[in-house]
Amino acid sequence: MSEATAYRYFPDLPSLISETLADVWPAPAEALAPVADSTDPVERVAFACEFLLRGVLARQGAVRAMIAATITRPETVTRRPGIRFGLIDHALLPMEATLGGPHREAFAQLKRDLAVVVSAEALFALMDLCGLDPDEAVISAVHTAKTLTEAAVRALGGPSAP
């Protein structure tokens, strides 16, 4: 397909890439099926983080193009798929019942903290700027996501607190 043909159907590059990637990512429940029986938010977040980052690595060219396009045209950022948010929400479901109500703001802050780490941007920073190979970068990001979740669970007295 020519570029002119593509832009007849899609107003910009983020729209084209978003549509292309839309069907390749499973729903959060399907993605986290291997940890569906776990009530440990740390285990679930670690799995979600690794799942996302391995998927980003498999689609690295398209993901980098999407990020670049939305950086140069910030008005298109809403067209970026928010895969990480669904995975984070689903991974934290066991905590939501106990912590979502009484500690709503702290719970929301944990989700924001995880959104920084469970991300293509973090993966690319670890690879491009820190010089880690892809596997090391994934391991580092998963470690950070687990550490954030463990700290929040301890602070909030959640289900995995010692």
Does [X] share a hydrophobic cluster with [Y], counting links as ILVMFWY side-chain heavy atoms below 4.5 Å and allowing steps through other members?
X: Val138; Y: Met127; answer: yes
X: Trp25; Y: Val118; answer: yes
X: Val45; Y: Val35; answer: yes
X: Phe124; Y: Leu132; answer: no
X: Val117; Y: Leu126; answer: no

| Minimum side-chain heavy-atom gap Gln109-Asp113 below 4.5 Å | yes
| Do the side chains of Lys111 and Phe107 get nearer than 4.5 Å, heavy atoms only? | yes
| Can Lys146 and Glu50 be counted as an ion pair, charged N to O under 4.0 angstrom? | no
What are the two closest non-hydrogen atoms of [X] and [Y], and how far apart are they?
X: Ala31; Y: Pro26; result: CB-CG, 4.0 Å
X: Thr72; Y: Ala69; result: OG1-O, 3.1 Å
X: Thr149; Y: Ala145; result: OG1-O, 2.8 Å
X: Ala120; Y: Val63; result: CB-CG1, 3.6 Å

| query | Hey, does the side chain of Arg84 reach the backbone of Ala115 with a donor-acceptor pair shorter than 3.5 angstrom? | reply | yes
| task | Could you tell me whether the side chain of Arg44 and the main chain of Ser38 form a donor-acceptor pair under 3.5 Å? | result | yes
For the atom pair [atom1] ([X]) and [atom2] ([Y]), what is the distance rounded to the nearest 0.5 Å?
X: Leu114; Y: Leu87; atom1: CG; atom2: CG; result: 11.5 Å
X: Glu121; Y: Ile67; atom1: CD; atom2: CD1; result: 4.5 Å
X: Glu105; Y: Leu110; atom1: CD; atom2: CG; result: 11.5 Å
X: Asp89; Y: Leu32; atom1: CG; atom2: CG; result: 11.0 Å
X: His103; Y: Met95; atom1: NE2; atom2: CE; result: 9.5 Å
X: His143; Y: Glu150; atom1: NE2; atom2: CD; result: 8.5 Å

| What pairs of residues pass the side-chain hydrogen bond (donor to acceptor under 3.5 Å, both in side chains) test when at least one of them lies in residues 126-138, not counting sequence neighbours? | Arg54-Asp135, Arg64-Asp128
